[in-house]
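Everything below concerns the one structure shown next.
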Amino acid sequence: MKCVTCRGPAIIDIRRHNSNFCAEHFIEQCQRQVRKAIDEFEMFTPEDKILVAVSGGKDSLAIWDLLLDLGYQVDGLYIGLGIGEYSDTSLEYARAYARTRDLHLVEVDVPSTFGFDIPNGSRAAKRVPCSACGLSKRHLFDDEAIKGGYDVLVTGHNLDDEAAVLFGNTLHWHTEYLGRQLPVLPAREGFPRKVKPLVRLAERETAAYCIVKGIDYLVDECPMAAGNKHLSYKSALNEIEAMSPGAKHSFYFGFLDRAAAFFEVEASIDREGLVACASCGAPTTSEICAFCRLVVRAGGQLPERTGVTAVPVDLGPTRTGSIQ
Amino acid sequence: MQVKVRLHNPRRDLEIEGPITIINLLARLDLNREAVLVVRDGELVPGDESLSDGDSIEIRPVISGGAS
């Protein structure tokens, strides 16, 4: 295998591009793809104050590293979810990356702040663990970005993530979710701008990027994620990709080019009628936001600034489905 | 001496008779090339490279994530 750029020995093949790369030119390829995503979708500028959500895994550490190398000023945000040794280890990887590069890492620990952890809290709240985890992270990402005065929140969602979510939303025709499955969600009252600069890179490439750059990341999968639908969708898409390189890219970018606009109206209806959560002040369509309801159902304690405890909130029926 | 192979999720070790190319090794283990990387001494090993008895590699999964 020879590098498509320099004809030296290649270390990785990217079949959807019909290209092989040596280490140096693979890094350049990753930078090129991220820069293209930022420019094409007008994600942010070098003047913006950027916060990247960091889990200690390959994607979030790769995008933090790529953005820094591309000249952006980026702080990190780590959310501790109380998933035992897995959370402890993931925090160490996030801290180690920040420490060795003298970067600012904001840390929020869910168990010590809200009095519940994902394994026990999701069980008590009768929610799928990945659903409770995703709900908590989205709420706290928004909250910390707004509180910290950041212009934009970056997440490490890659091409595989987006294609798998699209696959799931299409299988079940979750049209309200299809309408907002975009690389950029604009800022609005109570929400920061949210962007996904890794959408042009597959997760095999983000993992390879970390290995080539010598970035240590948490390899093992979250123990709560085993058997979830998202992973099964990824496996199914990888079977298709193996037979038809480029299928995931065509699926996702074809959706953006040709279909996403058809679902805009439904997504905008879903965004109407937002009011401030009576507990935390976050935007919500009901009196109490989904995160505060989760905290209460999980037996936790809402933040002191609200003065609301786990007792007097009418929660309505329990939802058990996962939010995409 | 055989090729030593470390796998993840769950973590386990195997020994495979060499020589064998990475592509053939992954096929023998029924692993999708889109879902893994092969690492030796901290460096990526390309698919066409042949492994010999005495080599020690890690097959690292790249699929991750919950539903968020």
Side-chain angles (χ1 to χ4, degrees), chain A residues 1 9-13 15-16 20 23 26 55 57-59 128-131 133-138 155-158 160-161 164-165 168 202-208 211-212 214 218-222 224-226 228-231 233-235 237-242 245 248 322-324, chain B:
Chain A
M1 258 172 43
I11 56 153
I12 188 167
D13 59 316
R15 295 176 68 210
R16 76 175 183 285
N20 309 315
F26 173 66
S55 68
K58 64 189 191 312
D59 302 307
V128 176
C130 291
S131 166
C133 178
L135 167 61
S136 301
K137 287 192 292 188
R138 284 190 297 273
T155 58
H157 293 93
N158 56 49
D160 292 75
D161 292 321
V165 171
E203 56 189 340
R204 182 168 173 267
E205 291 141 45
T206 62
I211 292 167
V212 172
L218 181 56
V219 173
D220 292 328
E221 181 53 273
C222 174
M224 308 302 294
N228 77 19
K229 286 182 185 173
H230 189 67
L231 291 176
Y233 295 155
K234 284 187 170 181
S235 294
L237 287 169
N238 274 337
E239 291 296 321
I240 297 170
E241 184 79 15
K248 288 182 287 194
S322 68
I323 294 173
Q324 298 285 323
Chain B
M1 289 281 280
Q2 294 185 307
V3 178
K4 292 183 178 177
V5 180
R6 165 153 290 188
L7 294 153
H8 292 265
N9 297 334
R11 188 172 293 196
R12 59 208 186 277
D13 295 312
L14 302 175
E15 292 195 348
I16 303 279
E17 193 170 333
I20 185 169
T21 64
I22 295 295
I23 289 173
N24 287 337
L25 173 65
L26 297 181
R28 186 184 293 186
L29 296 174
D30 199 23
L31 293 172
N32 189 325
R33 288 178 61 202
E34 297 298 325
V36 297
L37 290 168
V38 178
V39 182
R40 181 176 55 200
D41 297 329
E43 296 189 352
L44 293 176
V45 187
D48 62 349
E49 188 154 324
S50 185
L51 300 169
S52 304
D53 288 346
D55 275 335
S56 183
I57 61 152
E58 173 191 2
I59 298 179
R60 192 176 289 196
V62 300
I63 296 182
S64 63
S68 58

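By convention in this document, chain letters (A, B, ...) are assigned in the order of the sequence lines, proteins followed by strands, and residues within each chain are numbered from 1. Computed from a prediction, not measured in an experiment: that's the story for all the values here.
For A:A10 against B:P46, the heavy-atom pair with the smallest separation is O-CG, 3.5 Å.
At a heavy-atom separation below 4.5 angstrom, chain A is approached by B:R11 within residues 11-18 of chain B. Using a 4.5 Å heavy-atom cut-off against chain A, the contacting residues of residues 26-36 of chain B are B:N32, B:R33, B:E34, B:A35, B:V36.
Only the side chain of A:D59 comes within contact range of chain B, with at least one heavy atom under 4.5 Å from a heavy atom of that chain. Both the backbone and the side chain of B:I63 come within less than 4.5 Å of a heavy atom of chain A. Contacts between A:E239 and chain B at a heavy-atom distance below 4.5 Å involve backbone atoms as well as side-chain atoms. Interface residue A:D13: only side-chain heavy atoms are found under 4.5 Å from chain B. Looking at B:V45, the atoms closer than 4.5 Å to chain A (heavy atoms on both sides) all sit in the backbone: N, CA, C or O. If you measure heavy-atom distances from A:A242 to chain B, the contacts under 4.5 Å come from both the backbone and the side chain.
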| Audit row: B:R60, A:I211, side-chain contact (heavy atoms from CB on, under 4.5 Å) steps and yes/no | CA-CA 11 Å; B:R60 192 176 289 196; A:I211 292 167; 3.6 Å; yes
| message | Under the criterion side-chain contact (heavy atoms from CB on, under 4.5 Å), I'd like the reasoning laid out for B:L37 against A:R204: C-alpha separation, chi angles, the key distance, then a yes or no. | response | CA-CA 7 Å; B:L37 290 168; A:R204 182 168 173 267; 3.7 Å; yes
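With rounding to the nearest 0.5 Å, the separation of CD1 in A:I12 from CG in B:L44 is 6.0 Å.
With respect to B:S64, the side-chain hydrogen bond (donor to acceptor under 3.5 Å, both in side chains) criterion is satisfied by exactly one of A:K58, A:H230, A:E221: A:K58.
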